[in-house]
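Each residue takes its place number in the sequence, starting with 1. Note: hydrogens, waters and symmetry copies are ignored here, and every other heavy atom, side chains too, is used. Keep in mind that this is a model prediction, so the values were computed, not measured.
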Amino acid sequence: MKKLRRFNPFRFNRSLKLIFQIFVLILILSLFTFVKFHYSESRAVKAATSQPIGEAAVAAAAVAATGNPQNAKKNPEVVLVQPINDSILYLINKKKLNVKIQNEQQFPNFIQHRLVILIQIHNRASYLNQLIQSLKKVKGIDETLVIFSHDFYSDELNTLVESVDFCPVLQIFYPHSIQLNPDHFPGQDPNDCPRDISKENAKQTGCLNADSPDAFGHYREAEFTQVKHHWLWKLSYVFDKLEYTKKAADLAVLLLEEDYYLAPDALHMLKLMRQQKSSLCPQCSIVSVGSYETSDYATRSSVVSTNNWISDKHNMGMSIDREAWSQLKACAETFCKFDDYNWDWSLQFSGMTCWKAPIQVLYARTSRVFHIGQCGIHHKGTCDPSKIVEDVNQQLAGAKLFPSEISLESVGGVKMVPKPNGGWGDPRDHKLCMSFIQ
């Protein structure tokens, strides 16, 4: 009979100790790997989302370092500081690190069609929802890349965009938004001069931009200047930086905003007009399917006209191609230094004074794009677009849409050089604006 070995408690304790040491070592190695991975991921996010902006891209302003607004005058080149709204920045960076076309596998042919819809979005979810519902009904939307360009991040907006399943979608984020810079330029620095303070009093108080009121003696307001910055940035990004579009020589971009609503034949009409632009209006730099004119949809849905481009008549539903973008870039200094916070008035001024020839537009007499906005930057209050949408749909119910041919009814027009509306006298805005083109 085999003799059993006696139990040795000391040897058992040594075994437990060895197992415990191995467990601790594995735990330490796992923790080290976890930390290293997330540090690398953080660096990758920062690298992927950094936006070089020329001279304006200085890491910290003198006023941020010292708290003394007088120091800002000693270093006028410094206009930007690191975004400080870290929680929002993290969410945006996370999405930008994983830039990809939403629904790309369902709609693989979009890259063959060189028409892109580019939508500028702020924070009006109810309007954006209506725009998305109208896009869903547009014929040809499944072959069109729709890019949503944000200057405000929210879960509500993100959920809305991610719900789009009828076309390829891409989200981009304006990197110098007020939301990311709430108390530094391009946001409203607490040391900035109040809008209505006199220049004399501004200099006495030593506020940052005391030397730079606009033509009407007012100082910048960040919520107004952001729109023009965002408008130019998104065009520069899509035409010159975005991998999917930057090499497309025949690219055309339809510009929309969150409070627009489209007719079902908007893309059909735009493609028809762009195809015939060379014969109908070869000198036209802009093709627009939007119009503020009142016209009979039952009899005039196929009529187009030409005119000199005027901001308050032709700024809705406009499309530009790479040739027009090149003209705008060549005249960026004129655009960026014109004392007007409105991108459309600035475009008209640069187009009439700097472009090779005054901007002309080929536009639809019966609009395929409708402005349903009742509130926003200039108008505060309850945002309920449902009644306006109902009126638009009633108007379209009797329309003869999807014309097979279009007819030109030329109306000409005089050259109009607009006067500035102000709000854009600060050289920091000029530098930031110019940096998007550099």
So which atom in [X] and which in [Y] form the shortest heavy-atom distance, rounded to 0.1 Å?
X	Y	answer
Gln102	Ser163	NE2-N, 4.5 Å
Ala364	Val304	CA-CG1, 4.2 Å
Arg322	Phe239	NH1-O, 3.0 Å
Tyr341	Lys228	O-CB, 3.4 Å
Gln179	Tyr153	OE1-N, 2.7 Å
Met269	Pro403	SD-CG, 3.8 Å

Quick one: are [X] and [Y] in side-chain contact, heavy atoms under 4.5 Å?
X	Y	result
Gln130	Pro385	yes
Ile117	Ile147	no
Gln395	Tyr297	yes
Asn393	Tyr261	yes
Phe148	Leu128	yes
Leu255	Asn315	no
Leu401	Pro264	yes
Thr144	Leu267	yes

Residues [X] and [Y]: side-chain donor-acceptor under 3.5 angstrom:
X	Y	value
Asn129	Ser126	no
Asp429	His229	yes
Glu257	Gln120	no
Glu258	His122	no
Arg365	Ser295	no
Asp196	His218	yes
Tyr363	Glu293	yes
Trp345	Asp312	no
Gln348	Asn308	no

Please report the C-alpha distance between Lys246 and Asp240 in whole Å, then the side-chain angles of each, then the deciding distance to 0.1 Å, and finally whether the salt bridge (charged side-chain N to carboxylate O under 4.0 Å, His left out) criterion is met.
CA-CA 5 Å; Lys246 67 181 182 180; Asp240 295 340; over 6 Å; no

Does [X] reach the main-chain N or O of [Y] with its side chain, forming a donor-acceptor pair under 3.5 Å?
X	Y	answer
Gln188	Glu221	no
Ser291	Ser367	no
Asp339	Trp424	yes
Ser149	Ile119	no
Asp214	Gly425	no
Tyr219	Ala210	yes

Cation-pi check, Lys234 to Tyr174: give yes when NZ or CZ is under 6.0 Å from the six-membered ring centre and within 45° of the ring axis, no otherwise.
no

Let's go through Asn209 and Ser212 carefully: what are the C-alpha distance in whole Å and the side-chain angles of both, what is the deciding distance for side-chain hydrogen bond (donor to acceptor under 3.5 Å, both in side chains) to 0.1 Å, and is it a yes or a no?
CA-CA 5 Å; Asn209 47 337; Ser212 309; over 6 Å; no

side-chain hydrogen bond (donor to acceptor under 3.5 Å, both in side chains) between Asp165 and Gln106, intermediate numbers included:
CA-CA 9 Å; Asp165 59 2; Gln106 297 96 305; over 6 Å; no

Run the side-chain contact (heavy atoms from CB on, under 4.5 Å) check on Asp296 and Thr366 step by step: do they pass?
CA-CA 7 Å; Asp296 185 1; Thr366 49; over 6 Å; no

In a check of ring-ring contact (aromatic ring centres under 6.0 Å, His included) between Trp343 and each of Trp233, Trp231, Phe335, which one passes?
Trp231

I'd like to know if Lys139 pairs up with Asp265 as an ion pair, taking the criterion as any Lys NZ or Arg NE/NH1/NH2 lying under 4.0 Å from an Asp or Glu carboxylate oxygen.
no

Tell me, with the steps shown, if Asp211 and Lys203 meet salt bridge (charged side-chain N to carboxylate O under 4.0 Å, His left out).
CA-CA 7 Å; Asp211 291 326; Lys203 287 189 172 184; 3.6 Å; yes

Between Thr306 and Val361, does the side-chain contact (heavy atoms from CB on, under 4.5 Å) criterion hold? Intermediate values first, please.
CA-CA 6 Å; Thr306 62; Val361 57; over 6 Å; no

